[in-house]
Colleague: 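Structure below; questions to follow.
Reminder, nothing fancy here: chain letters follow the sequence lines and each chain counts from 1.
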Number of protein chains: 2
Amino acid sequence: MVRATTIAAPPLRRTRRRPADVSADLLAAAAVEFGSHGYDGASTRRIAARAGAHQPQINYHFTSKEHLWRATVDQLFALLGPVPTPTPGAGDQVELFARMVRGFLRFSADHPELNRIINLEATASSPRLEWLVAAHLAPRRGAVGAQWAAVRASGAGAVLTADEVWEVITSYGALHFANEPMLHLLGGDRGPTGTAAHVASVLSILLPGGHGSPSHQ
Amino acid sequence: MVRATTIAAPPLRRTRRRPADVSADLLAAAAVEFGSHGYDGASTRRIAARAGAHQPQINYHFTSKEHLWRATVDQLFALLGPVPTPTPGAGDQVELFARMVRGFLRFSADHPELNRIINLEATASSPRLEWLVAAHLAPRRGAVGAQWAAVRASGAGAVLTADEVWEVITSYGALHFANEPMLHLLGGDRGPTGTAAHVASVLSILLPGGHGSPSHQ
DNA sequence: GTCTATACCGAGATAGAC
DNA sequence: GTCTATCTCGGTATAGAC
C-alpha cells in the first residue's frame with residue numbers, strides 16, 4: 001500500500017526549478033495560450049498550469065497579466081532576431097530581401113504564436129495594439145520598406161508598393177502558419193513539404209523573375 | 001421643476017421596439033463586439049448595451065452566447081450572398097472569377113466584422129471552428145476551387161494552386177480590411193481610394209494579364 | 001416580451017505561512 | 001521563491017414581477 005503522506009502529492013508540482021526556468025516556462029506557456037485564445041480569452045490559471053506552475057507565480061514574476069503579455073511578445077521578437085539595418089552598397093539587394101523573407105517565414109512556421117498574437121490584437125484599437133505597433137511593428141515595417149526600395153531601384157521586384165509587400169509577407173505569408181488549425185480543417189496539403197512550397201509561392205509573387213529557390217539551406 | 005416620476009427614467013430604455021428589431025440590433029452589435037474582441041473577449045453585457053437592450057434579452061432571443069455567435073456568423077454570410085454555383089459553359093470564366101473576387105472584397109470592406117470573426121477563431125481548434133468550416137467555409141472553398149480550375153483551363157490566371165488562390169483572397173485580400181486598426185496605426189494610405197487600389201492589387205496577383213479594371217461598377 | 005434582481009462561476013490579484 | 005487560502009470583480013444565465 002502507498003503511505004498516506006505520499007498519496008497527498010501536489011497536483012502539478014514538479015522537481016523544483018531555478019527561478020529563471022520558471023520564468024522561461026511561463027513565457028513559453030503564455031505564448032501558446034495568448035496565441036490560441038487572445039489576451040482576454042487566455043487565463044493566467046491555464047498558463048500557469050501549462051507551465052507546471054501555480055497561478056500566483058505569474059504575478060510574482062511578471063507583476064500582472066498585461067506585463068506577462070508584453071514580455072511574451074518581447075521574447076518572441078527577440079527570437080525572430082534584430083531588425084535588419086540597411087547596408088546601402090553591400091551585395092545583392094534582391095538576395096538580401098529574399099533572405100529576409102525566407103527567414104521570417106521559416107520563423108513563422110516554427111513559432112506561429114507570434115503572428116497569432118499580432119493578428120488577435122489587430123482588429124481593435126487598444127493600448128496593447130499601440131504599444132505593439134510602436135515598439136515592434138513600425139521599426140520592422142521601416143526596414144522592409146527600405147529593403148523593398150532597394151530592390152525596386154535595382155529594377156527587380158513586382159509592381160507593388162511597400163505597403164502591399166508588407167501585407168503580402170505578413171498576411172498571405174505568415175497566416176498560412178498562424179491559421180493552421182483552420183486551414184487544416186479546410187483540407188489542402190500541409191506539412192514540411194508544404195512549408196517550402198509556401199515560401200516559394202510568396203517569393204514568386206514578390207520577385208516574379210526568380211530568386212525563389214537559391215540558397216535553399 | 002421636473003416631477004419625480006419623470007426623473008426616474010430607465011438608464012438605456014428606448015422607445016419600445018418590435019421583437020424582430022431587437023434581434024436585428026443584437027446581431028449587429030454582436031458582429032462588432034465579436035469581431036473586435038473575439039468570442040471569449042466579447043461580453044454579452046457590452047453587446048446588449050451597444051444594442052440599447054438589456055443583457056438577459058440575449059438569452060431570451062438566442063438562448064445562449066454560443067447561439068448568438070452562430071446566428072451572427074450566419075447573418076453575415078447571408079449578407080455576403082449565396083455560394084456561387086458552377087455554370088460550366090456560361091460566359092467568360094475569367095470575368096466570373098474576377099467578379100466574385102471583387103464582390104467578396106467590397107463586402108469585406110463594408111463588413112470587416114466577418115473576416116475578423118473568422119480570423120479570431122482560426123488560431124485554435126474548437127467546436128466553433130469546426131462548425132464554421134463545415135457550415136460556411138468549406139462550401140465556398142469548393143466553389144472558389146471550381147472557378148479557379150475553369151480560369152486555369154482557359155489559359156489565364158497566375159501559376160498558383162487553388163489553395164494558394166484561396167489564401168491570397170482571404171488573407172492578403174480580406175485582412176487589409178479586417179486588420180484596419182493595426183494597419184492604420186502603421187501608417188500607409190487608407191480610405192475609399194485605397195480600397196479600389198487594394199482590390200486591383202489582389203486581382204493583379206491572381207490575373208496578371210489584366211482583368212483588373214473592367215466593369216468597375 | 002421586457003425588466004430587475006440575483007445566482008453561480010471563474011477570472012486576476014493579494015496576504016501570509018512556509 | 002513557493003504555495004494555500006481568499007478577496008473582489010465581472011462574466012453568463014435564470015427567476016419571477018410586470
Colleague: Does anything in residues 164-180 of chain B form a salt bridge (Lys or Arg N to Asp or Glu O under 4.0 Å)? List the pairs, not counting sequence neighbours.
Modeller: B:Glu180-B:Arg190

Colleague: Quickly work out the A:Gln57 CD to D:dT4 P distance and round it to whole Å.
Modeller: 10 Å

Colleague: For A:Leu26 and D:dG1, give me the distance from atom CG to atom P, rounded to whole Å.
Modeller: 13 Å

Colleague: Rounding to an integer number of Å, can you tell me how far A:His61 NE2 sits from C:dG12 C1'?
Modeller: 17 Å

Colleague: Find every protein N or O atom lying less than 3.5 Å from an N or O atom of nucleotides 13-16 of chain C, and list the pairs.
Modeller:
| unit_1 | atom_1 | unit_2 | atom_2 | d |
| --- | --- | --- | --- | --- |
| C:dA13 | OP2 | A:Asn59 | OD1 | 3.0 |
| C:dA13 | OP2 | A:Lys65 | N | 3.1 |
| C:dA13 | N7 | A:Gln55 | OE1 | 3.4 |
| C:dA13 | N7 | A:Gln55 | NE2 | 2.9 |
| C:dA13 | N6 | A:Gln55 | OE1 | 3.2 |

Colleague: Distance check needed: C:dC9 C1' versus B:Asp40 CG, whole Å only.
Modeller: 15 Å

Colleague: For residues 123-144 of chain B, which residue pairs qualify under salt bridge (Lys or Arg N to Asp or Glu O under 4.0 Å), counting only residues two or more places apart or in two chains?
Modeller: B:Glu121-B:Arg128, B:Arg141-B:Asp163

Colleague: Quick one: salt bridge (Lys or Arg N to Asp or Glu O under 4.0 Å) pairs with a partner in residues 55-70 of chain B, sequence neighbours left out?
Modeller: B:Glu66-B:Arg70

Colleague: Checking A:Ser201 against A:Tyr172: is there a side-chain donor and acceptor pair closer than 3.5 Å?
Modeller: yes

Colleague: Quick one: salt bridge (Lys or Arg N to Asp or Glu O under 4.0 Å) pairs with a partner in residues 30-39 of chain B, sequence neighbours left out?
Modeller: B:Glu33-B:Arg46, B:Glu33-B:Arg50

Colleague: Please report the distance, rounded to the nearest Å, between CD1 in A:Ile47 and C1' in C:dG12.
Modeller: 11 Å

Colleague: Check the phosphate of C:dT4 against B:His54, side-chain N and O only, distance under 4.0 Å to OP1 or OP2. Yes or no?
Modeller: yes

Colleague: A:Thr63: what forms a side-chain hydrogen bond (donor to acceptor under 3.5 Å, both in side chains) with it, not counting sequence neighbours?
Modeller: none

